[in-house]
Amino acid sequence: MKEGMKMSSLIPSTMGFLMSTGLMEGGKALKGRTELDGKALADFLAGFAAGVKKRGKCEAGQRTIYDAVLPAAEAAGKAAADNPDVSIKEVITAALSGANAGVEATKNMVPVFGKAAVHAAQSAGIPDQGAVAGRYLIMGIYNYIVR
């Protein structure tokens with residue numbers, strides 16, 4: 001949570017604001033926990049996605065960062081629900097797979113927000129850059145845990 005609060009005060013951009021809110025909400029999901037296990041990571045990612053949705057006032061399918069972090073959170077949540085003893089590595093692997101699929105899906109979505117919406121015709125077939133940024137966040141966590 002503190003990381004998200006600090007990020008919010010230092011990065012004056014929409015993406016920084018969305019990411020920092022995601023981190024704060026994800027941090028709230030971990031309140032009271034002393035260890036990060038597979039279930040906790042899934043809860044963090046669900047909180048992160050909820051924070052992005054709340055702050056961005058966006059929905060799935062609008063070609064935003066949410067279109068990568070939501071499928072990541074859903075895949076992580078499913079991995080944790082399917083196996084109570086799921087490892088943190090299994091959860092982040094599922095999350096990265098979900099994020100990859102989400103980014104790929106944005107190629108066929110019509111943008112709703114920002115400059116992408118103004119230049120919607122030019123974005124056809126190209127992944128949304130916000131979704132790509134969301135995937136990079138998931139990929140960074142993956143690289144830390146797996147490598």
Side-chain angles (χ1 to χ4, degrees), residues 1-8 11 13-33 36-84 86-120 122-147:
M1 261 179 63
K2 288 182 181 181
E3 179 182 334
M5 291 166 63
K6 186 67 170 177
M7 184 179 190
S8 178
I11 303 175
S13 69
T14 301
M15 183 58 66
F17 199 47
L18 291 172
M19 289 267 201
S20 64
T21 302
L23 289 171
M24 286 186 275
E25 292 297 318
K28 287 179 187 177
L30 299 177
K31 188 172 182 170
R33 293 185 171 149
L36 187 65
D37 59 9
K39 172 78 169 94
L41 179 57
D43 291 345
F44 169 81
L45 293 171
F48 185 92
V52 168
K53 178 180 180 174
K54 176 178 146 184
R55 184 61 63 201
K57 297 177 177 60
C58 57
E59 298 292 333
Q62 293 182 324
R63 195 178 158 100
T64 69
I65 182 177
Y66 189 61
D67 291 305
V69 298
L70 177 63
E74 290 173 341
K78 183 175 181 340
D82 289 350
N83 177 7
V86 69
S87 72
I88 194 169
K89 183 177 178 180
E90 291 169 313
V91 168
I92 196 59
T93 299
L96 183 56
S97 178
N100 286 334
V103 167
E104 188 64 27
T106 64
K107 291 180 179 180
N108 300 316
M109 294 177 188
V110 177
V112 175
F113 300 106
K115 287 186 180 182
V118 174
H119 302 286
Q122 296 167 331
S123 67
I126 300 169
D128 177 69
Q129 294 305 295
V132 170
R135 178 178 59 191
Y136 281 146
L137 175 88
I138 304 298
M139 191 180 299
I141 298 169
Y142 174 89
N143 288 339
Y144 180 79
I145 291 169
V146 175
R147 294 184 180 169

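Position 1 is the first residue of the sequence, and the numbers go up from there.
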Any donor-acceptor pair under 3.5 Å from D67 side chain to G61 backbone: yes
Minimum-distance pair of heavy atoms, taken over all atoms of A94 and A75: O-CB, 3.2 Å
Beyond-backbone contact of T14 with F113, side-chain heavy atoms, under 4.5 angstrom: no
Pairs meeting criterion salt bridge (charged side-chain N to carboxylate O under 4.0 Å, His left out) with involvement of residues 137-147, two or more places apart: none
Spacing of NZ belonging to K53 relative to CD belonging to Q62, to within rounding of 0.5 Å: 9.5 Å
Partner residues of A101 under the side-chain contact (heavy atoms from CB on, under 4.5 Å) criterion, sequence neighbours left out: none
Side chain to side chain donor-acceptor pair (under 3.5 Å) partners for D82, two or more places apart: K78
M19 versus F48, closest heavy-atom pair with distance: O-CE1, 3.6 Å
Residues in side chain to side chain donor-acceptor pair (under 3.5 Å) contact with E104, at least two apart in sequence or another chain: K107
For Q129, side-chain contact (heavy atoms from CB on, under 4.5 Å) partners two or more places apart: V132
Sequence-distant partners of E90, side chain to side chain donor-acceptor pair (under 3.5 Å), two or more places apart: S87
Results of side chain to side chain donor-acceptor pair (under 3.5 Å) for N100 - residues two or more places apart only: none
Inter-residue atom distance C58.SG - I65.CD1, 0.5 Å rounding: 8.5 Å
Tell me which donor-acceptor pairs under 3.5 Å the side chains of residues 39-47 have, and how far apart each pair is, sequence neighbours excluded?
residue : atom : partner : partner atom : Å
K39     : NZ   : D43     : OD1          : 2.9
K39     : NZ   : D43     : OD2          : 3.2
D43     : OD2  : R33     : NH1          : 3.1
D43     : OD2  : R33     : NH2          : 2.6

Shortest non-hydrogen contact from V91 toward A76: CG1-CB, 3.6 Å
side-chain contact (heavy atoms from CB on, under 4.5 Å) between I92 and I138, worked out: CA-CA 8 Å; I92 196 59; I138 304 298; 4.0 Å; yes
With D128 via salt bridge (charged side-chain N to carboxylate O under 4.0 Å, His left out) - residues at least two apart: R63
E25 side chain near K28 side chain, heavy-atom distance below 4.5 Å: yes
T93 backbone acceptor or donor facing S97 side chain under 3.5 Å: no
Which residues share a salt bridge (charged side-chain N to carboxylate O under 4.0 Å, His left out) with R135, sequence neighbours left out: none
Spacing of CG belonging to L36 relative to CG belonging to L30, to within rounding of 0.5 Å: 6.5 Å
Those residues that, when tested against E74, pass side-chain contact (heavy atoms from CB on, under 4.5 Å) (two or more places apart): L70
Partners passing salt bridge (charged side-chain N to carboxylate O under 4.0 Å, His left out) against K89 (at least two apart in sequence or in another chain): none
